[in-house]
Number of protein chains: 2
Amino acid sequence: MARSAGGEAAPQQAAPGQKAPRKPRADAARNRERVLEAAKAVFSAGGPEASLEAVARTAGVGIGTLYRHFPTREALFEAVYRREVDQLGDLAEQLKDDAAPVEALRRWLRANVELVATKKGMIAALALATTGSSDLYAHTFDRLTKAIGLLLGRAVAAGEIRADVSAEDILRTLVGMCYLHEQPGWQASVVRLVDIFVDGLCRPALTR
Amino acid sequence: MARSAGGEAAPQQAAPGQKAPRKPRADAARNRERVLEAAKAVFSAGGPEASLEAVARTAGVGIGTLYRHFPTREALFEAVYRREVDQLGDLAEQLKDDAAPVEALRRWLRANVELVATKKGMIAALALATTGSSDLYAHTFDRLTKAIGLLLGRAVAAGEIRADVSAEDILRTLVGMCYLHEQPGWQASVVRLVDIFVDGLCRPALTR
DNA sequence: GATTATATGGAGGATCCCTCCGTTTTGCAA
DNA sequence: TTGCAAAACGGAGGGATCCTCCATATAATC
């Protein structure tokens with residue numbers, strides 16, 4: 001399977017027990033990154049059935065290299081998807097410090113909508129990816145829930161948003177809203193819905 | 001596999017202006033039906049990437065025949081999907097006369113869950129199909145909404161179900177519930193949710 | 001039965017999938 | 001720096017799939 005070859009600055013763990021593994025090669029990491037970038041572009045444009053050879057070509061890498069890093073098409077999907085999700089997580093981290101609480105949440109939600117919009121072709125691919133691997137699904141759910149929780153908690157703590165909504169509720173709402181991403185004009189509609197939803201969050205719970 | 005030959009009685013419209021079009025050939029209709037049946041089976045088992053040549057083989061038909069009836073993979077998906085949706089519509093029609101109002105609705109909803117379960121492989125294919133064609137989506141939404149409306153209206157009229165829920169609400173709920181069809185044990189969970197939901201429908205609206 | 005529009009099936013060129021292996025690059029030690 | 005071996009690279013190639021094209025077969029009509 002796809003070993004997580006440390007893309008980030010290699011932590012350089014010294015395996016205490018046995019052998020000292022050689023430091024991972026630089027070109028390997030570089031090429032892995034290139035393939036991921038190319039895959040994102042190619043799948044976005046051509047949908048999930050796009051040719052893997054086209055991906056390798058775009059990445060400027062031999063087909064063999066692609067297959068060594070990602071033994072199956074699904075593995076490649078999964079890696080691209082994980083990356084995308086992680087970036088959303090990072091964005092939350094960033095917005096937490098940058099913007100006013102409610103505004104931060106609003107922006108993050110909009111970024112999600114945008115992602116669905118730009119990566120039209122990817123979406124179908126992702127559907128396939130999540131169908132295959134359920135810990136990918138778990139990871140996604142976890143990461144996004146935490147991202148929302150981060151922004152939501154801050155806004156609640158600041159008293160700017162009602163307290164009776166969970167991060168899961170918001171995630172589900174978002175996913176549900178985007179589920180209709182086939183019909184024309186959906187994006188404007190969803191952005192509007194998101195805004196309304198955020199506005200609604202700002203009011204205290206109605207009497208019930 | 002002896003298919004009952006004449007599906008619908010051919011309407012035989014006489015084009016008034018120009019030429020009298022010849023009656024469509026019987027083998028064409030028969031083969032088309034065979035291919036659809038085979039496609040359902042093959043895609044269910046092998047997912048959306050299954051070989052079209054395998055479909056043709058299963059149908060006992062040449063590959064050329066398959067391509068004439070369905071010029072693209074998507075066209076085939078779409079046809080299979082439409083058929084499935086129409087069958088759900090027909091089921092509603094049937095349940096309307098057969099069972100007690102609430103029970104009829106409950107059964108129809110469960111049939112939906114079952115369809116998602118059995119046709120696991122198909123689901124991904126359908127995601128692709130709906131992504132491609134938006135009038136397919138419209139047709140689906142329309143047909144299913146009407147099916148629910150049929151069963152719902154009867155139950156409401158009989159005073160067995162609260163009146164402040166729309167068919168769209170129910171469809172959305174159902175879709176949302178099935179959206180999680182990746183994790184293990186989802187089906188039991190969704191069936192339970194559906195039952196609870198139907199139970200809930202039977203109570204009058206809570207004070208608000 | 002003859003005619004003809006229509007449907008059929010499968011050969012075949014192009015493409016894609018994925019494995020295998022000889023060559024090249026990189027990290028490490030001397 | 002130089003040398004060496006582990007690790008990564010690239011792409012050839014066998015097999016499978018896609019989809020077109022057309023000679024042949026067949027149903028509908030005369």
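Predicted, not measured: the structure shown is a model, and the values here were computed from it. Just so you know, these numbers use all the heavy atoms, side chains as well, and skip hydrogens, waters and symmetry mates. First the proteins, then the strands, lettered A, B, ... as listed; each starts at 1.
Put simply, CZ on A:Arg32 is 16 Å from C1' on D:dA7, counting in whole angstrom units. A:Leu52 has its CG atom 15 Å from the C1' atom of D:dA16, to the nearest Å. Remark: C1' of C:dC18 and CZ of A:Arg57 are 15 Å apart, rounded to the nearest angstrom. Rounded to whole Å, atom C1' of D:dA23 lies 13 Å from atom CZ of B:Arg68. Put simply, CZ on B:Arg30 is 10 Å from C1' on D:dT26, counting in whole angstrom units. With rounding to whole Å, A:Glu74 atom CD is found 13 Å from C:dC18 atom C1'. Rounded to whole Å, the distance from CD1 on A:Ile63 to P on C:dC20 is 15 Å. Rounding to whole angstrom units, CG of residue B:Leu66 and P of C:dA7 are separated by 15 Å.
To the nearest 0.5 Å, atom CG of residue B:Leu105 and atom CD1 of residue B:Ile148 are 7.5 Å apart. Distance check, rounded to the nearest 0.5 Å: CG of A:Leu152 to CH2 of A:Trp108 gives 11.0 Å.
Candidate nucleotides D:dG11, D:dC9, C:dT8 were compared by shortest atom distance to the side chain of B:His69, and C:dT8 ranks first. Listed candidates were D:dA27, C:dT26, C:dC17. Nearest to the side chain of A:Asp27 is C:dT26. Closest to the B:Tyr67 side chain, of the nucleotides C:dC16, C:dC18, D:dC19, is D:dC19. Among the nucleotides D:dA12, C:dT8, D:dA28, the one closest to the side chain of B:Lys23 is D:dA28.
Residues A:Asp142 and A:Lys146 have side chains in contact (heavy-atom distance under 4.5 Å, counting atoms from C-beta outward). Looking at A:Glu84 and A:Thr140, their side chains never come closer than 4.5 Å, going by heavy atoms from C-beta outward.
Mapping B:Ala26 and B:Ala50 onto DNA chain D by nearest heavy atom places B:Ala50 at the nucleotide closer to the 5' end. Remark on DNA chain D: of its neighbouring residues A:Arg25 and A:Gly64, the 5'-side contact belongs to A:Arg25, judged by nearest-heavy-atom nucleotide.
One finds no side-chain N or O of A:Asn31 lying less than 4.0 angstrom from the OP1 or OP2 phosphate oxygen of D:dA8. Dashed line: the shortest gap from a side-chain N or O of B:Ser51 to OP1 or OP2 of D:dA16 is not under 4.0 Å. Between B:Arg73 and D:dC18, a side-chain N or O to OP1/OP2 separation shorter than 4.0 Å is present.
In terms of polar N and O atoms assigned as donor or acceptor, the side chain of A:Glu53 comes within less than 3.5 Å of the base of C:dC18 in a complementary pairing.
Across all their heavy atoms, A:Pro101 and A:Ala158 have their closest contact at CG-CB, 4.3 Å.
Nucleic acid contact class of A:Thr65 (heavy atoms, under 4.0 Å, all strands): base.
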